[in-house]
There are 2 protein chains.
Amino acid sequence: MRKNILSVAMAEFAANGLSGARIDEIAAKTNTSKRMIYYYFGDKERLYERVLEEAYREVRAGEQELELDHLPPVEALKLLAEFTFDHHSRHPDFIRIVMIENIHHGAYLERSELIRPLNAGAIQKLEAICRRGREAGLFRKDVTPLQLHWHISAMSFFNVSNRTTFSHIFGTDLFMGDGQEALKRQMVEMVVGLALKPERR
Amino acid sequence: MRKNILSVAMAEFAANGLSGARIDEIAAKTNTSKRMIYYYFGDKERLYERVLEEAYREVRAGEQELELDHLPPVEALKLLAEFTFDHHSRHPDFIRIVMIENIHHGAYLERSELIRPLNAGAIQKLEAICRRGREAGLFRKDVTPLQLHWHISAMSFFNVSNRTTFSHIFGTDLFMGDGQEALKRQMVEMVVGLALKPERR
DNA sequence: TAGCAAATTAACCGGCTCGTACAAAGTCGT
DNA sequence: ACGACTTTGTACGAGCCGGTTAATTTGCTA
């Protein structure tokens, strides 16, 4: 029941934003009534907080499944970048929730005790890859895991978040047919190129 | 008067979103009254449309001032990428308006007859650079101007749009001190590296 | 200065939507 | 069987907020 409310609320908040979403609308799409929303969550803002946490939890859980330790560092980095690109592409609602949260200056993210530790692990895979890459003499030392994560996130996130405005202005070539594959390939190439020492490219 | 309303409205919409912004609040921060907003703009949605157009207009106007034709292609590409990064960084309200528009699936962008032609020119500089780069035998042929624009936009846009959530989760290292300079340098390096033929890097 | 349209002001309205009150009944562990 | 927790339904209050009514002022033209 709580789960049902959460998933409906996530879709509604993702579709309409915090102030745009309607409690009555959420209730109508639920198997239960509005009364239960208040019973479980108290008010709209706390419902949104729980949705935010749930969104991060789901997405991070999906990321944990990726196994990289058995691959050489360059292959691992490639796979991680590709995975992130596809993963974000498969979770547009999560992207939208994060967009909305950024619109709100991260006010509700700050309030949550849960999300920071949840995400701390998101960069550990990259740290392990970088360590192995440096130890093998392949990776530059002046490019940090955090920076790599930033670049990968930027291109993977933007690819979903700004699709509508971008395609409206510049056409849909980048999103139809093999446009997405090309973008992904280029993104991976850029990231790996940045991580590698110039002489090892 | 109209101008005054527009600039106040842009700040309000950028800060709170479409449904989050309050007409009364906009009116209060204006030199005039709420009635004048309706006198000039009709209703909230049309006010938002005008704000959207104005935001694109201002930002594109700023971009036009960049002179690149006298530079060799690689230098021109570097400068364009750097400029875009800084330009977006200097116009957070524009970024937020575009974020909000994406939240709304570009519904208001579609309605505007003005914005598409306004943005068509945004990619011309890049097309000229690419043409010169290819003619000089420096640039790859399988990387299009649109793709380069996409990558540059992604990293420059995300750098502003997702700053709050990202810095809350991963700390502010990338945004304080010379963190931004490093990111910009890396972004330029990646983009140039993608555009150039492997043997010319 | 008469006349008229544009610009401006202040008070107001009505509906939407969050949240609650109230009343009741089912579920589950112990 | 008992009590705490969970679920259902309906109805409604209250305030916020987008939008309007109507009257007044300004400014331009002749």
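Here the structure is a predicted model, which is why all the values come from computation and not from measurement. Throughout, protein chains are lettered first and strands after them, A, B, ... in sequence-line order, and every chain is numbered starting at 1.
- Under a 4.0 Å N-O distance rule, the pair B:E82/B:K78 does not qualify as a salt bridge.
- Note on A:R46 versus A:D43: salt bridge recorded, some NZ/NE/NH1/NH2 to OD/OE distance being below 4.0 Å.
- Considering every non-hydrogen atom in both A:I100 and A:L18, the closest pair reads CG2-N, 4.2 Å.
- In summary, the aromatic rings of A:F166 and B:H149 are positioned with their centroids under 6.0 Å apart.
- A:S161 and B:N102 are not linked by any side-chain donor-acceptor pair at a separation below 3.5 angstrom, with hydrogens and angles left out of the test.
- The separation between B:K3 atom NZ and C:dA7 atom P is 16 Å, rounded to whole Å.
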Listed pairs, N/O of protein and of nucleotides 8-11 of chain D, under 3.5 Å:
residue: D:dT8; atom: OP2; partner: A:T32; partner atom: OG1; Å: 2.4

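- Rounded to a whole Å, the CD atom of A:E25 is 14 Å from the P atom of C:dC16.
- Residues passing the salt bridge (charged side-chain N to carboxylate O under 4.0 Å, His left out) test with A:E181 are A:K184, sequence neighbours excluded.
- The environment of CD in B:E113 is sparse: at most 12 heavy-atom neighbours from other residues, nucleotides or ligands sit within 6.0 Å.
- If you measure from atom CD of B:E45 to atom P of D:dG18, you get 12 Å, rounded to the nearest angstrom.
- Residues of residues 5-19 of chain A that place a heavy atom closer than 4.0 Å to DNA chain D do not occur.
- When the side-chain nitrogen and oxygen atoms of B:Y40 are compared with OP1 and OP2 of C:dT8, one or more of them lie within a distance under 4.0 Å.
- B:A21 comes within 4.0 angstrom of the backbone, heavy atoms only, and of no base.
- Across the protein-nucleic acid pair, B:Y38 atom OH and D:dG19 atom P stand 4 Å apart, rounded to whole Å.
- Residues A:F157 and A:W150 keep their aromatic ring centres 6.0 Å or farther apart.
- Protein atom CZ of A:R22 is 16 Å distant from nucleotide atom P of D:dC16, rounded to whole Å.
- A straight line from CZ of B:F41 to C1' of D:dT20 spans 18 Å, rounded to a whole angstrom.
- One interatomic measurement links the two molecules: CD1 of B:I37 to P of C:dA7, which rounds to 16 Å at whole-angstrom precision.
- Regarding B:K44, its NZ atom lies at a distance of 8 Å from the P atom of D:dG19, rounded to whole Å.
- Here A:K125 does not pair with A:E63 in a salt bridge; the nearest charged N to carboxylate O distance is not below 4.0 Å.
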